[in-house]
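Hydrogens, waters and symmetry mates play no part in the numbers below; they use all other heavy atoms, side chains included. Just so it is clear, the model here is predicted, and its values are computed rather than measured.
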Amino acid sequence: MRMTVAAILVSSARAFVLPSRLTSSRGASRSLSAQLSPRLNGLDKPTVWHEFSPLANEYNAVNLGQGFPDWDPPSFVIDAMVNSVTPSMNRHANQYARSYAHMPLAQVLAQDYEKRWNIPIDPATQIATAVGCTNALYCALQGLLSPGDEVLLLEPAFDIYYAQVRMAGGTPIHVPLRPNPSGGATANQVFTLDLYELEAAITPKTKILLLNTPHNPTGKMFTRAELEDIASVAQRHSQLLVISDEVYEHIVFDPENVPHVSMASIPGMFDRTLTLSSSGKTFSCTGWKVGWAVGPPNLVKAVTAVQQWVNFSAPTPNQDAIAQALVQAREPYNGFDSYYAWLADDYKRKRSLLADALTDAGMVPVLPPGGFFIMADTSNIDFPLSDEVTEAMPATPMPRDWAMSRWLTKEVGVTAIPPSAFYSPDALHLAKNLLRFAFCKGDDTILEAHRRLQKYFKK
């Protein structure tokens with residue numbers, strides 16, 4: 001007798017019975033516990049972002065924590081995206097891009113970096129694009145590191161650096177930017193790198209120095225003299241490469257006296273430096289996720305060799321829109337010589353608004369020459385230390401900066417990020433009296449934060 005399809009399925013299901021050891025809760029627990037690789041130990045816990053953004057929402061606080069603009073991109077950038085996806089514009093940007101980079105974007109980037117560095121750049125082999133700078137860094141580390149290789153991180157270091165080094169099988173080695181005993185008003189004066197300490201951290205296993213300028217979270221910009229000193233250290237160690245994260249390169253407030261300088265432009269460093277940047281901060285389109293890597297072909301290939309097996313390419317319309325925007329940004333804009341000049345001036349004005357607010361609260365802002373974060377010295381402020389325990393806090397008991405950021409959110413209604421999130425356990429004390437505030441926010445947002453700070457601290 002012929003069986004129906006349904007009967008066959010039912011019969012087969014009855015015949016296939018899992019052993020009891022695989023269906024027991026104990027067996028299931030063992031199976032689930034083996035899912036994460038050991039290299040992710042500690043990386044699966046909540047982060048500072050998981051804690052403070054929900055906390056800000058819960059207490060209806062003005063969130064000056066996370067670093068993304070709360071406005072839309074300029075109209076010429078939006079128009080560029082429309083052009084990219086409109087068939088009649090003949091941009092041909094609705095299908096996969098080449099894995100290395102969408103060639104129109106690679107060509108524009110090559111022009112920009114050639115002019116800036118006075119070094120020929122081949123758009124076909126010396127430019128790689130990625131899904132944001134974070135993705136470019138991930139691919140670079142996966143492509144360059146072998147298990148046990150060491151990576152030097154200048155702390156405070158953006159927390160993604162530590163995690164990505166670990167995920168690539170590398171070992172993060174922290175070298176702190178130490179406070180200048182003489183003090184100072186700016187981030188360049190306050191946060192200093194001890195070259196002897198840097199070189200002492202280098203071993204035969206050291207593969208990469210991960211540099212960030214303008215620096216997050218301090219706003220420090222490494223000067224040409226500082227970069228030349230770091231380059232001298234690097235050149236004494238033939239195995240040492242530099243990855244330079246420069247996403248804030250166009251947000252610079254005193255270009256005549258404190259210009260942005262790329263490590264790749266320092267004599268003898270281009271062939272051992274991979275420069276990373278992106279469009280998100282420059283064009284206020286962090287959700288578009290277009291980043292890139294520029295450097296010698298062998299280092300760029302480290303990015304593309306990984307990317308071709310991961311996401312293959314960054315979204316073509318996004319890349320194509322940024323290619324157009326980069327060209328337009330060179331032109332006069334809103335009374336300034338270029339969009340970049342207008343951008344820096346606007347952020348400089350916002351920096352002043354936030355610095356005034358922090359000063360009125362009894363904090364001492366450490367003025368950044370670049371980027372859109374201010375570190376503030378909070379040592380003049382007394383508040384009740386907390387005995388709370390949270391999943392994301394970096395140490396027990398809760399560090400002072402962490403406790404203060406929670407208190408500020410709950411009692412004052414303003415949220416900052418505790419910089420201890422960016423330090424290794426041995427250096428947490430350096431963050432004790434600091435908080436990081438973002439000024440990539442609308443004027444109304446910053447002024448409301450000022451009103452709340454003034455109301456609380458002036459009462």
Chemist: Examine distances only and state if a side-chain atom of Glu58 and a backbone atom of Pro54 form a donor-acceptor pair shorter than 3.5 Å.
Modeler: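 No, because the side chain of Glu58 does not come within donor-acceptor range (under 3.5 Å) of the backbone of Pro54.
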
Chemist: Using 30° and 60° as the class boundaries, would you call the ring planes of Trp71 and Tyr347 parallel, tilted or perpendicular?
Modeler: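 Because their plane-to-plane angle lies in the 30° to 60° range, the rings of Trp71 and Tyr347 count as tilted.
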
Chemist: Please state whether the rings of Trp49 and Phe422 are parallel, tilted or perpendicular, taking 30° and 60° as the class boundaries.
Modeler: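 It falls in the tilted class, 30° to 60°.
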
Chemist: Have His450 and Asp360 got a donor and an acceptor in their side chains that come within less than 3.5 Å?
Modeler: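 Yes, side-chain donor-acceptor contact under 3.5 Å.
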
Chemist: Considering only heavy atoms from C-beta outward, does the side chain of Thr86 approach that of Arg91 to under 4.5 Å?
Modeler: no

Chemist: With a 3.5 Å cut-off and no angle check, do the side chains of Glu114 and Asn118 form a donor-acceptor pair?
Modeler: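 Side chains of Glu114 and Asn118: no pair found under 3.5 Å.
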
Chemist: Do Pro394 and Leu428 come close enough that some side-chain heavy atom pair is under 4.5 Å?
Modeler: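 Yes. Closest side-chain heavy atoms under 4.5 Å.
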
Chemist: Is any NZ, NE, NH1 or NH2 atom of the basic residue among Glu51 and Arg406 found under 4.0 Å from an Asp or Glu carboxylate oxygen of the other?
Modeler: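 Salt bridge between Glu51 and Arg406, a charged N being under 4.0 Å from a carboxylate O: yes.
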
Chemist: Distance-only check: which donor-acceptor pairs under 3.5 Å involve side-chain atoms of residues 181-196, not counting sequence neighbours?
Modeler:
{"from": "Thr186", "atom 1": "OG1", "to": "Gln189", "atom 2": "N", "distance (Å)": "3.3"}
{"from": "Thr186", "atom 1": "OG1", "to": "Gln189", "atom 2": "OE1", "distance (Å)": "3.4"}
{"from": "Asn188", "atom 1": "OD1", "to": "Met221", "atom 2": "N", "distance (Å)": "2.8"}
{"from": "Asn188", "atom 1": "ND2", "to": "Met221", "atom 2": "O", "distance (Å)": "3.0"}
{"from": "Gln189", "atom 1": "OE1", "to": "Ala185", "atom 2": "N", "distance (Å)": "2.7"}
{"from": "Gln189", "atom 1": "OE1", "to": "Thr186", "atom 2": "N", "distance (Å)": "3.1"}
{"from": "Thr192", "atom 1": "OG1", "to": "Arg178", "atom 2": "O", "distance (Å)": "2.9"}
{"from": "Asp194", "atom 1": "OD1", "to": "Tyr196", "atom 2": "N", "distance (Å)": "2.9"}
{"from": "Asp194", "atom 1": "OD1", "to": "Glu197", "atom 2": "N", "distance (Å)": "3.1"}

Chemist: Donor-acceptor check, side chain of His237 to backbone of Ala234, threshold 3.5 angstrom: yes or no?
Modeler: no

Chemist: To the nearest 0.5 Å, what is the distance between OG (Ser420) and CD (Glu155)?
Modeler: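 Rounded to the nearest 0.5 Å, the OG-CD separation comes to 11.5 Å.
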
Chemist: Checking Tyr161 against Asp245 for the side chain to side chain donor-acceptor pair (under 3.5 Å) test, could you report, in this order, the C-alpha distance in whole Å, the side-chain angles of both residues, the deciding distance, and whether it holds?
Modeler: CA-CA 10 Å; Tyr161 297 167; Asp245 176 353; 2.5 Å; yes

Chemist: Do Glu246 and Thr213 get their side chains close enough for a donor-acceptor pair, meaning under 3.5 Å?
Modeler: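 No, Thr213 and Glu246 have no side-chain donor paired with an acceptor closer than 3.5 Å.
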
Chemist: Side-chain donor-acceptor pair under 3.5 Å between Thr445 and Asp70, yes or no?
Modeler: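 Note: Thr445 and Asp70 side chains meet the donor-acceptor criterion.
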
Chemist: Do Tyr339 side-chain atoms and Thr282 backbone N/O form a donor-acceptor pair below 3.5 Å?
Modeler: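 Yes, because the side chain of Tyr339 sits within donor-acceptor range (under 3.5 Å) of the backbone of Thr282.
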
Chemist: Given the ring of Phe373, does Arg436 sit roughly above its face, with NZ or CZ under 6.0 Å from the centre of the six-membered ring and within 45° of the axis?
Modeler: yes

Chemist: Using a strict cut-off of less than 4.0 Å between a Lys/Arg side-chain nitrogen and an Asp/Glu carboxylate oxygen, indicate whether Arg349 and Asp346 qualify as a salt bridge.
Modeler: yes

Chemist: Answer whether the closest heavy-atom distance between the side chains of Val290 and Leu105 falls below 4.5 Å.
Modeler: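 In short, these two side chains touch, coming nearer than 4.5 Å.
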
Chemist: Would you mind reporting whether Leu154 and Leu211 have side-chain heavy atoms less than 4.5 Å apart?
Modeler: yes

Chemist: Do the ring centers of Tyr340 and Tyr333 come within less than 6.0 Å of each other?
Modeler: no

Chemist: State, without any angle test, whether Asn63 and Thr415 hold a side-chain donor-acceptor pair at a distance under 3.5 Å.
Modeler: no

Chemist: Can you spot which of Val247, Thr286, Ile322 makes a side chain to side chain contact (heavy atoms under 4.5 Å, CB included) with Ser278?
Modeler: Val247

Chemist: Can the positive tip of Lys281 be found less than 6.0 Å from the middle of the six-membered ring of Phe283, inside 45° of the ring normal?
Modeler: no

Chemist: Can you confirm whether Glu228 sits close enough to Met263 that some side-chain heavy atom of one is under 4.5 Å from a side-chain heavy atom of the other?
Modeler: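 No - every pair of side-chain heavy atoms lies 4.5 Å or more apart.
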
Chemist: Working to the nearest 0.5 Å, report the span between CD1 of Ile243 and CD1 of Ile208.
Modeler: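 With rounding to 0.5 Å, CD1 (Ile243) is 4.0 Å from CD1 (Ile208).
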
Chemist: Any carboxylate oxygen within less than 4.0 angstrom of a Lys/Arg side-chain nitrogen, looking at Asp112 and Arg330?
Modeler: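 Salt bridge: yes.
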
Chemist: May I ask you to say whether Lys350 pairs ionically with Asp443, meaning some side-chain N is under 4.0 Å from a carboxylate O?
Modeler: yes

Chemist: Evaluate the side chain to side chain donor-acceptor pair (under 3.5 Å) criterion for residues Gln66 and Ser53: first the C-alpha distance (whole Å), next the side-chain angles of each, then the deciding distance (0.1 Å), finally the verdict.
Modeler: CA-CA 8 Å; Gln66 284 190 274; Ser53 290; 2.7 Å; yes

Chemist: Answer whether the closest heavy-atom distance between the side chains of Trp402 and Phe52 falls below 4.5 Å.
Modeler: yes

Chemist: Of all heavy-atom pairs between Gln319 and Ala314, which one has the smallest distance, and what is that distance?
Modeler: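 Smallest interatomic distance, heavy atoms only, reads NE2-O, 3.0 Å.
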
Chemist: Are Thr125 and Asp122 close enough, and set up right, to give a side chain to side chain donor-acceptor pair (under 3.5 Å), and what steps lead you there?
Modeler: CA-CA 6 Å; Thr125 63; Asp122 180 0; 3.1 Å; yes

Chemist: Would you say Thr316 and His92 make side-chain contact, with heavy atoms under 4.5 Å?
Modeler: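 Counting from C-beta outward, Thr316 and His92 never come under 4.5 Å.
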
Chemist: Tell me every residue that passes side-chain contact (heavy atoms from CB on, under 4.5 Å) with Ala321, counting only those two or more places apart in sequence or in another chain.
Modeler: Ala80, Met81, Ser84, Trp288

Chemist: Would Ser99 and Gln308 count as having a side-chain donor-acceptor pair, cut-off 3.5 Å?
Modeler: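 Short answer, no.
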
Chemist: So, are Lys441 and Glu448 salt-bridged, with charged N and O less than 4.0 Å apart?
Modeler: no

